[in-house]
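Remarks on the structure that follows.
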Amino acid sequence: MNLEQLSLTEISKKISNHEVSSVEVTENLIRHIEKTEPALHSFITVTADLALDAARKFDEMNIKGESFLLGGVPIAIKDLLCTKNIKTTCASRMLENFVPPYTATAVEKIEQAGGIIIGKTNMDEFAMGSSTETSYFGKTRNPWDLDCVPGGSSGGSASSVAAHQAYAALGSDTGGSIRQPAAFCGIVGLKPTYGMVSRFGLIAFASSLDQVGPMTKTVEDAALLMNVLSGYDSKDSTSAQVPISDFVMPLKKNLKGMKIGVPKEFFIDGMDLEVKASIEKAITQLEQLGCTMIPVSLPHTKYSLSVYYIIAPAEASSNLGRYDGVRYGLRTPGDNLNQMYEKTRSSGFGAEVKRRIMLGTYTLSSGYYDAYYLKAMKVRRLIKSEFDQVFQKVDCLVTPTTPTPAFRFGEKTQNPLSMYLADIFTISINIAGVPAISIPCGFSKNKPIGLQLIGKPFEESTILQVAYQYEQSTLSNQLKPNLKKIEEFSKNEL
Amino acid sequence: MNYEPVIGLEVHVELKTNTKLFCGCSTVFGIEANTQVCPVCLGLPGTLPVINAKAIEFAAKVGLALNCTVATHSKMDRKNYFYPDLPKAYQISQYDQPLNMNGYLEISSSSGTKRIKIVRIHLEEDAGKLVHAGGKAGRLDASEYSLVDYNRGGVPLVEIVSAPDLNSGEEAYEYLTSLKNILLYIGVSDCNMEEGSLRCDANVSVHPKGSSVLGTKVEVKNMNSFKFCKQAIEYEIKRQIARLENHEAILQESRLWDITENKTRVMRSKEEAHDYRYFPEPDLVPIILSSEWIDGIKESLPELPSEKQKRFIQSYQLSEYDAKVLVNDQSIAAWYELAVQAYPTNAKGIANWMMGDLAAQLNENKTDIFKLKIEPQHLAELVELIDQNVISSKQAKDIFLEMFQTGQFPKMIVKSKNLIQINDPLIIEQAISKIINEYSQIVQQYKSGKQSVFGFLVGKTIQATDGKANPKMVNEMLKKNLDV
Amino acid sequence: MDLSYAEVRYIAKLARLELSEKEVESYTAQLSTVLEYMQQLDELNLKDVEPLTHVFQMQNVFREDKVAMSLPQKQILQNGPEVQSGHFKVPQIL
Ligand SMILES: [Mg+2]
Ligand SMILES: [Zn+2]
C-alpha cells in the first residue's frame, strides 16, 4: 500500500519506529497532493515548505527517542483555525490576506504532539454552509463523485482525509459541519461535547454552538486525536473543567449490555431509501455486537432547525461585526467611515454570509428579540432537557448523519431553506451541546452514507467505543475513493 | 413660569486594575500608541475574553460604597454597534443583570443633605482612543481622517447611572465631588478626568415646577472637568428655559460643551437609531457571587468620607465645615489624625493650621501631603508649643514656614534660633518702661483717649524683645501700666 | 411573516451592508421564507421556560489580575489596511 493510504495510527507508529522518516512521509504526501489537488481543491493553502521544515526538525528530535502522539505526521487544518504567520482566510475575501500573529489552542496542541501542519483546508465562507460551495476560493469536489459536493462547512478537511491528502484533519462543527462532510466523504468525524476542545483561535461563527473536532480515516485515529485536542484551556471561559482520560484504550471493550436509543424523529419521510436501508442494517449489526436497541423519542427535534437558524445567525451577526476594514482584512475605500464600512463588508462577504448577517441582525433587533432570540433560547432548553431525559434510559443514540448522500453542485444553492434542511439530523446535537460522531456505514449510488452516534455530555468514550466496534465488524471503511480517477481529472484540470 | 431643572448623571470610571478586563495587557496610561494591545483586545478573529477577577471585586466595592445591592447573579452582554474605537463591533457590557442596583449617594445641597438615587452600576470594557486629524484637527466634525489607538480598549469601566434626582448644576457638582471622593477612598480608580479615567455625561431637562411630566431630555457630553460639568448644565438649563419661554420645542439630541465658546452645541453625528441588539455574551459564563463573598468585600471597605466626617465632628469637636474640608482628601484626613494622635489636647488647633497655613502651602506645591518634608508630629508639636506659651502665634507662623521647608521639629528651630517666648514679667516690664520713655508723646495721646495707638505700643514693646515677648502678657501689663 | 422592503433596508444599515436593489429584493423574499418557517416555534407554550444561554452550567471563570505581554506594535499593526505613525487610520468619520 502507498504510504499516504495508511491511517494516522499506523503512520505515527512507523515514524516513531524509524521505519520511515517524517520527511519521507511529508514529501510523499506533498507529491500526492500535487497529483490530486487540482481535481479536489481541498486546500486554500498548502504549507509544503513549512511542513518540510517541521518534518526535518521532528526527525532530528525523533533520534533522541522522545515519544509524541502525532510524531511527525502531516495533518490538515480547517482554514478557520488561526495559525501564526500562516494565512488564515475562513474562505472569505474579507480575510484573503489575513496573517494571524497567534495560533489557535487546538493547533498548538497538534504541534506540541509532534503533528506537522500540511495545509489549511477549504470550507464554506465563515463556516456558513453545508456544501463548501460558498468558499471565495472555489468549490471542493467530493473524492467519491467529482460532480458532488463534499459537504460542509468542513468540506476541504473531509475531502483531504478521504483522498489521503492528509492523515487527519481538524474541522469545526456548528450545526453538523464536521459530521455531514465526514458522512458525504466516507470518513470519521467527531463533534466533541461543547467545551471539550478549546475554541481559542477558532474564528467564531456561532459561539455557543461551535466546536473543533477530528476528521479521520478510522475511529481509532479520532480517539488518538481526542487525546491530543481535549482538555481545559484557561483562554476559553467556556472550556470544560472535566477530567480527561485516554480515549484509545476503551475502544477495545466489547459492546455487551450497551443500550442504544433509536429516536423515531430521525427516520423521516423523504429520506433516501438506501440511506434508510444502510442505517437499519447498521442497527442490526449493532444488535449482533451485543447492544440492546431501544426506541426513544425526541419530540422537539423538529424545532431544532428553527432554533438553530435563530441562534447561529444572531451570534454570527455579532461575531462578524469586527470585519469592518479598520484593523485587518479587506478594506474597500469610501468617502467617509460609514461608506468604507458598507463597501468593505459588502464586497468582502459572500451572499450566504450576508444573508445570515441580515437574518441575525433582524432577529436581535429592537422589537424582535423576544419573538426570536429569546424564544429560541427557551426552546433550546427544551431540546437540551429532552436529551438529558433520554440519556437516563440509554448510553447513546443512533441515527443517520444526513437524510441523503452527497448532492450535486448547485442543487441546493438557489433555495437556502432546502440547504438548511440538509442539516436536519445534526443540528439538535449542537443545540444540546452533546457529542456525536459520524462513521461510514454503506453506500447509496456509490456515495458514502454516514451513521451518527450521539453520546452523553463528556462521554465521547462511549460513542467512540461503539463506533470502533461497529467499524471493526464491517468492511465499509475499507473501500476507498478511486484515486486514479481523481489523478486523471487533475491532469485535465491542469 | 417657574421651571425646575431635572438632571441625571452617567459617570464612567476606569478601574485601577493592573490588567484589562478581558486580557492580560497592562492598563498603564500614557504609553506609546498600540503597544498595550494583544490579539484579544484587538478583537482578532478567534480570540476570547476571560474576566479579570479584580475588576469584579472593584466593581462590587463601588456598588457597596454607594449603598447598592450587589447581585448574586449577574452576567455579561454584548452591545452591538460600529465605531472605529470598538474593535469587536460590540462592547462587552451588562444589560439586564447589572452587578449593582438601587444605591444612593448623599450630597449637601442648599436645602440640607439630599439623597441621590443610583439606579445601577454595571461593569463594561472601555473603547480605544481616536485622534481626529487633518483639516480642523482635534474636532470630529471638521477632521479629514482619524487615528486609532487601542491601548485603552478593554480597560475595565464601571458605569454609574444616577436617577434624575439632581436639580441644579451646583448639585451635580456636589454629586461628582462626593462620588470622586468615595471612589478615591476605596482605591478603585484614579478618577483623573484629564487622563479620562472619570468621564461624565449629563441628561438635562426642564419642566414646570410641580409638574409630574418630565421635559424632553438632552444629553450633554464632552465635559472634562467638574467645573465644566456645572457650567454646561447651567448653560443647558438656561438654554432650555429660554426656548420654552419662546414657545420653541426642545429637541432630543446630544450636545457637547464647547470650552472655547462656553456653550453647548449640537454634536454632529450620523443619524442612527440606537438599536444595540443586546444579547447575552456567549463567550462568558455567569457571575455568581455568594453573600459571604459580598459581605467580605463590604467589610474590607475603608471608612467612607461621610462616616469619617461624622466621626471627626464627634471625636474632635470640629465644625461640620472643618470636618468636611479635612475628609475631602483621604490623605489629608489621615495626616490630620496622625497629628491629633501626637497631640490629642488641641485637635481643633491642629485643624486650623491644616486648613490655613498648611493648605496654602499644599495648594502652592500641588503634591501629596505625605510627600511633604513636614510631618504630622511636627505640626502637633508646634500647636503644643503655642498652647504652652513657649512661642507666640506670630512666631509660630515663621517657625511653620521653616518647618515646611526643612522638615525640622519646631523645638529644634526654636532652640537653634533662640525663639523661646519671653514670659518673664521682669523682662517684659523693662521693655515696657523703655518704650514708655521712648514714645512719651504717643503715651500722652493714648492717655488723652486715643485708644488706637495702643496696638502700636504693644508692637514696639514686642519688637524691643526681638519679638519674643509673650504678646498676651505684653498686652495686659502695658494696659495696667498706662491705665495707672 | 413578511419582511418589508424598508425593514430589509433598515437591517442592512444596522449591519453596515451596502445592498443593491436586486439583493434587497432577494433577501426580502428569502428571509421572509425563513422567518415564516420559524413561526412553528409559536406552537410551543414557553411561558414557564427559562432561556438557556450556556448548555452546561458553569460560573465564575475568572483570571488573575497579572500582566501578560502585549504584542509588539509592529505585529498589532501588521494586518492594518491603513496605518499611520503607530495608529490605525480611518477615513473621516462624519
Ligand atoms: Mg457605558
Ligand atoms: Zn490585550
Side-chain angles (χ1 to χ4, degrees), chain A residues 80-82 88 90 94-95 98 100-105 126 198-204 206-210 233-239 311 314-315 317-329 336-338 340-342 345 360-369 373-374 377, chain B residues 22-24 34 37-51 76-92 95-96 128 130 132 140-141 143-148 150 153 269-287:
Chain A
L80 52 35
L81 284 155
C82 284
T88 300
C90 244
M94 188 62 91
L95 293 178
F98 175 61
Y102 77 103
T103 296
T105 301
F126 282 102
S198 169
R199 291 187 296 120
F200 189 79
L202 165 74
I203 298 185
S207 313
S208 76
L209 303 162
D210 295 343
D233 179 14
S234 60
K235 291 183 201 152
D236 175 359
S237 305
T238 61
S239 172
I311 294 175
E315 290 179 5
S317 72
S318 170
N319 284 330
L320 271 62
R322 68 190 67 197
Y323 307 106
D324 60 5
V326 175
R327 294 157 299 278
Y328 44 80
N336 57 39
L337 181 73
N338 243 338
M340 186 277 278
Y341 277 160
E342 292 188 353
R345 291 168 60 76
T361 305
Y362 178 79
T363 54
L364 284 178
S365 69
S366 148
Y368 294 104
Y369 181 86
Y373 195 75
L374 186 69
M377 299 302 251
Chain B
F22 301 119
C23 67
N34 293 306
V37 183
C38 73
V40 175
C41 57
L42 190 61
L44 285 189
T47 56
L48 297 169
V50 185
I51 299 176
M76 305 304 295
D77 299 279
R78 289 190 187 176
K79 179 182 182 181
N80 297 284
Y81 64 95
F82 288 86
Y83 209 62
D85 61 6
L86 193 68
K88 302 184 291 295
Y90 56 82
Q91 180 192 34
I92 303 180
Y95 182 52
D96 56 347
L130 285 170
H132 306 300
L140 170 64
D141 53 3
S143 68
E144 284 165 356
Y145 61 90
S146 300
L147 297 174
V148 203
Y150 293 106
S269 64
K270 275 272 168 288
E271 79 305 349
E272 164 84 65
H274 287 295
D275 193 339
Y276 291 124
R277 289 156 284 138
Y278 279 102
F279 73 102
E281 167 59 285
D283 289 331
L284 293 170
V285 299
I287 301 158

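Predicted, not measured: the structure shown is a model, and the values here were computed from it. By convention in this document, chain letters (A, B, ...) are assigned in the order of the sequence lines, proteins followed by strands, and residues within each chain are numbered from 1.
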key: Worked verdict on K235(A) versus V40(B) for side-chain contact (heavy atoms from CB on, under 4.5 Å)   = CA-CA 10 Å; K235(A) 291 183 201 152; V40(B) 175; over 6 Å; no
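In this structure, N338(A) CG and Y83(B) OH are separated by 10.5 Å, a value rounded to the nearest 0.5 Å. Interatomic distance, CD1 of I203(A) versus OG1 of T47(B), reported as 9.5 Å (0.5 Å rounding). Atom CG in D283(B) sits 9.0 Å away from atom OG in S318(A) (nearest 0.5 Å).
Between Y278(B) and L364(A), the closest side-chain pair of non-hydrogen atoms is not below 4.5 Å. Y328(A) has its side chain within reach of P45(B): a pair of non-hydrogen atoms, C-beta onward, lies under 4.5 Å apart. When side chains are defined from C-beta on, L42(B) counts as touching R327(A), because their heavy atoms get closer than 4.5 Å. Residues C38(B) and Y102(A) have side chains not in contact (no heavy-atom distance under 4.5 Å, counting atoms from C-beta outward).
For the residue pair Y369(A) and R277(B), no side-chain donor N or O sits within less than 3.5 Å of a side-chain acceptor on the partner. For R78(B) and N319(A), the side-chain atoms include at least one donor-acceptor pair closer than 3.5 Å.
Side-chain N or O atoms of D275(B) include none that pairs as donor or acceptor with a backbone N or O of S365(A) at under 3.5 Å. Using modelled atom types, one side-chain atom of S237(A) and one backbone atom of P49(B) make a donor-acceptor pair closer than 3.5 Å. Side chain of R322(A) to backbone of L44(B): a donor-acceptor contact under 3.5 angstrom is found.
When heavy atoms are compared at a cutoff of 4.5 Å, N80(B) approaches chain A solely by way of its side chain, counted from C-beta outward. Heavy atoms closer than 4.5 Å to chain B are found in the side chain of L337(A), but not in its backbone. For P87(B), the parts lying under 4.5 angstrom from a heavy atom of chain A are both the backbone and the side chain. In this structure, chain B has heavy atoms under 4.5 Å from both the backbone and the side chain of F200(A). There is no contact between Y145(B) and chain A, counting heavy-atom distances below 4.5 Å. In this structure, chain B has heavy atoms under 4.5 Å from both the backbone and the side chain of T361(A).
The aromatic rings of F279(B) and Y373(A) sit perpendicular, their planes meeting at an angle over 60°, well past the 30° parallel limit.
Of all the listed residues (G43(B), A89(B), P39(B)), the one sharing the greatest number of non-hydrogen pairs under 4.5 Å with chain A is G43(B). By number of non-hydrogen pairs under 4.5 angstrom with chain A, the leading residue of P84(B), G46(B), C23(B), P280(B) is G46(B). Counting heavy-atom pairs under 4.5 Å between each of V326(A), L95(A), L202(A) and chain B puts L202(A) at the top.
Among all heavy-atom pairs drawn from F82(B) and Y341(A), the shortest one is CB-CE1, 3.7 Å. The nearest pair of heavy atoms linking V285(B) to T238(A) is CG1-CG2, 4.3 Å.
Other residues, nucleotides and ligands place more than 12 heavy atoms under 6.0 Å from the OH atom of Y81(B).
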